[in-house]
Amino acid sequence: MALVLVPTGFALLMVLLEAGLTSRRALVAAALVLGGGVLLPAVLYAVTVYHLTDSELLVRVGPFTTRVPYASIRTIEPSRDMTSAPAFSLDRLRVEYGEGQYVLISPMQREAFLELLATHRRAVASLPRFS
């Protein structure tokens with residue numbers, strides 16, 4: 001939260017000091033800073049979902065969805081990568097899949113999530129393959 005609130009608070013303070021504390025322009029600029037710096041991340045946090053279907057992991061962030069078929073997952077390992085990702089914690093999992101692709105996630109109930117993911121992957125692996 002500090003990574004979002006501190007820069008936003010600083011930007012808000014600079015806008016208000018630069019434009020004057022009572023001007024209409026300052027209030028509009030302050031609203032834009034607050035909207036982009038606090039409300040947007042809050043909304044994205046609220047609509048970030050990791051969903052396990054019968055065949056794939058779905059990572060949804062607002063209108064964007066990443067589909068990770070279980071059969072294409074190569075590794076799942078802990079990560080503290082600070083790259084922008086649909087993971088709102090630095091206690092992340094790096095899911096590598098396909099040809100050099102990966103997604104960083106941070107499920108709240110990490111161990112339960114990993115157990116359920118392993119169950120789904122085993123189920124997919126046990127299905128007969130048709131050529």
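Quick caveat: nothing in here was measured; it's all calculated off a predicted structure. Keep in mind that the numbers below use all heavy atoms, side chains included, and drop hydrogens, waters and symmetry copies.
Considering every non-hydrogen atom in both Asp54 and His120, the closest pair reads CA-ND1, 4.3 Å. The two atoms that bring Leu90 and Asp81 nearest to each other are CD2-O, 4.0 Å, heavy atoms only. Here the shortest heavy-atom pairing between Arg121 and Ile76 reads NH1-CD1, 3.7 Å.
Contact check for Ile73 versus Val68: side-chain heavy atoms found under the 4.5 Å cut-off.
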Go through the steps to decide whether Leu58 and Thr66 satisfy the test side-chain contact (heavy atoms from CB on, under 4.5 Å), and finish with yes or no.
CA-CA 6 Å; Leu58 296 178; Thr66 299; over 6 Å; no
Please list, one pair per line, the donor and acceptor atoms closer than 3.5 Å that link side chains of residues 107-119 to other protein atoms, with sequence neighbours excluded.
from	atom 1	to	atom 2	distance (Å)
Arg110	NH1	Asp91	OD1	2.4
Arg110	NH1	Asp91	OD2	3.3
Thr119	OG1	Glu115	O	3.0
Thr119	OG1	Arg122	NH2	3.4

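Within the 3.5 Å criterion, the main-chain N or O of Leu57 finds no donor-acceptor partner in the side chain of His51. Looking only at distances, a side-chain donor or acceptor of Tyr70 sits under 3.5 Å from a matching main-chain atom of Glu56. Of the possible donor and acceptor atoms, none in the side chain of Tyr50 sits under 3.5 Å from a partner among the backbone N and O of Arg60.
Note that OG of Ser79 and CG of Leu93 are 8.5 Å apart. Values are rounded to the nearest 0.5 Å. The OG atom of Ser72 sits 10.0 Å away from atom CD of Glu99, with the distance rounded to the nearest 0.5 Å. The distance from the CD atom of Glu77 to the CZ atom of Arg92 is 14.0 Å, given to the nearest 0.5 Å.
For Tyr97, the ring pair (Phe, Tyr, Trp, His ring centres under 6.0 Å) test picks out no residue, with sequence neighbours left out. Remark: Arg94 engages Glu96 in a side-chain hydrogen bond (donor to acceptor under 3.5 Å, both in side chains) (not counting sequence neighbours).
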